[in-house]
Amino acid sequence: MTDSTSPPDSASDQPSEPRTGMPLWLYGTLVAVVVVGIGLGVMAGLVWISDPGETVPCEGSIELGYAPDITEQAAAEPDPQFIDRRCRWWYAIDPNGRLVAYKNSVTGLDCQVGWDYDDDLWRCDGDVIDEALLEEWPSSIEDIDNRRSIFIVDFGPAA
C-alpha cells in the first residue's frame, strides 16, 4: 500500500505554522548593537593602553638624548622635532660646528622655519632666510647620573 497523501506545498491554502522567534529586524538590530559595543570597547582599550596619561610638559630643562647620536643625525641634515605646539625645534649644527636646537619661528616674522632638503638652506614659509636669523632654545651637553653627554634644552617657563 502506498500513502496517497502528499505533503502540502507552498502554493496550498493551508496556513503555515506561526513563527515563535524574534522578528528579523529586532535580531539584526541586536547584532548591530553588540558589534558596535564591542568595537567601542576595543577602541577605548587601545586608547587607554596607548596613553599612559603622562605628558612631558614643555617647560624647563628637558633631557633630549645622547648628544653624540643627535650630533651625528644633525650633521647629516637638520632634523625637526616636537613635543607639543609650543616645543618645536630643529636639531642642527650651527656654523661654528656646535649642536643646537633652533626654534621653528623667528621673532618679527610670521612664518614657520623649515629646512629645504632639496636646496640645503633654511626657509621661512618658502622664503630663504639666513641661518644667522634663526633663534635657538638655550641648550647644553652635560653628564647626568652616570650618563655622559646628554643633550639638554631649556624651554623656559610654561607659556
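For reference, positions follow the sequence shown, starting with 1. Everything quoted here is computed from the prediction, not taken from an experiment.
Between the side chain of Asp154 and the backbone N or O of Gly156 there is at least one donor-acceptor pair closer than 3.5 Å. A donor-acceptor pair is defined here as one N or O able to donate and one able to accept, closer than 3.5 Å; such a pair exists between the side chain of Asp143 and the backbone of Ser149. Side chain of Asp94 to backbone of Gly97: a donor-acceptor contact under 3.5 angstrom is found.
Between Cys124 and Ile129, the shortest heavy-atom distance links the atoms CB-CG2, 3.8 Å. Of all the heavy atoms in Val128 and Arg123, the pair that sits closest is CG2-NH1, 3.3 Å.
Between atom CG of residue Leu134 and atom CG of residue Asn104 there is a gap of 10.5 Å, rounded to the nearest 0.5 Å. Ser139 contributes atom OG, which lies 9.5 Å from atom CD1 of Ile152 (distance to the nearest 0.5 angstrom). Once rounded to the nearest 0.5 Å, the distance linking CG of Leu64 with CD of Gln81 reads 8.0 Å. Here Asp79 contributes atom CG and Tyr91 contributes atom OH; the two are 8.0 Å apart, rounded to the nearest 0.5 Å.
With a 6.0 Å cutoff to the six-membered ring centre and a 45° limit on the axis angle, Lys103 counts as a cation-pi contact of Trp137.
There is no path of hydrophobic side-chain contacts, each under 4.5 Å, that joins Tyr102 to Val153. In the hydrophobic clustering of this structure, Leu99 does not group with Trp90; members are Ile, Leu, Val, Met, Phe, Trp, Tyr whose side-chain heavy atoms approach within less than 4.5 Å, directly or through other members. Tyr66 is not connected to Ile144 by any chain of hydrophobic side-chain contacts under 4.5 Å among Ile, Leu, Val, Met, Phe, Trp and Tyr, and they are in different clusters. A chain of hydrophobic side-chain contacts below 4.5 Å, direct or via other Ile, Leu, Val, Met, Phe, Trp or Tyr residues, connects Ile62 to Ile141. Grouping the Ile, Leu, Val, Met, Phe, Trp and Tyr side chains by contacts below 4.5 angstrom, directly or via other members, places Leu109 with Val113.
Between Ile38 and Val35 there is no side-chain heavy-atom pair separated by less than 4.5 Å. Taking 4.5 Å as the limit, some side-chain heavy atom of Glu131 sits within range of a side-chain heavy atom of Pro95. Residues Ile150 and Glu142 form no side-chain contact, since every pair of their non-hydrogen atoms from C-beta on lies 4.5 Å or further apart.
Asp110 CG: 12 or fewer foreign heavy atoms inside a 6.0 Å radius. With a 6.0 Å radius and a threshold of 12 heavy atoms from other residues, nucleotides or ligands, Arg98 has its CZ atom above the threshold. Dense packing is recorded around CD of Glu77, with more than 12 heavy atoms of other residues, nucleotides or ligands lying under 6.0 Å away.
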Check the pair Val100 / Trp89 against side-chain contact (heavy atoms from CB on, under 4.5 Å), numbers first and verdict last. CA-CA 9 Å; Val100 295; Trp89 71 95; over 6 Å; no

For a side-chain contact (heavy atoms from CB on, under 4.5 Å) check, start with the C-alpha distance between Thr71 and Ile93, then their side-chain angles and the critical distance, and finish with the verdict. CA-CA 7 Å; Thr71 301; Ile93 305 298; 3.8 Å; yes

Full working for side-chain contact (heavy atoms from CB on, under 4.5 Å) between Phe151 and Glu63: CA-CA 6 Å; Phe151 187 58; Glu63 299 174 20; over 6 Å; no

Determine, stepwise, if the pair Val34 / Val31 fulfils side-chain contact (heavy atoms from CB on, under 4.5 Å). CA-CA 5 Å; Val34 168; Val31 168; 5.8 Å; no

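You'll find the ring centres of Trp115 and Trp122 inside the 6.0 Å limit.
Between Ser105 and Gln112, the side chains place no donor N or O within less than 3.5 Å of an acceptor N or O (distance only, hydrogens not considered).
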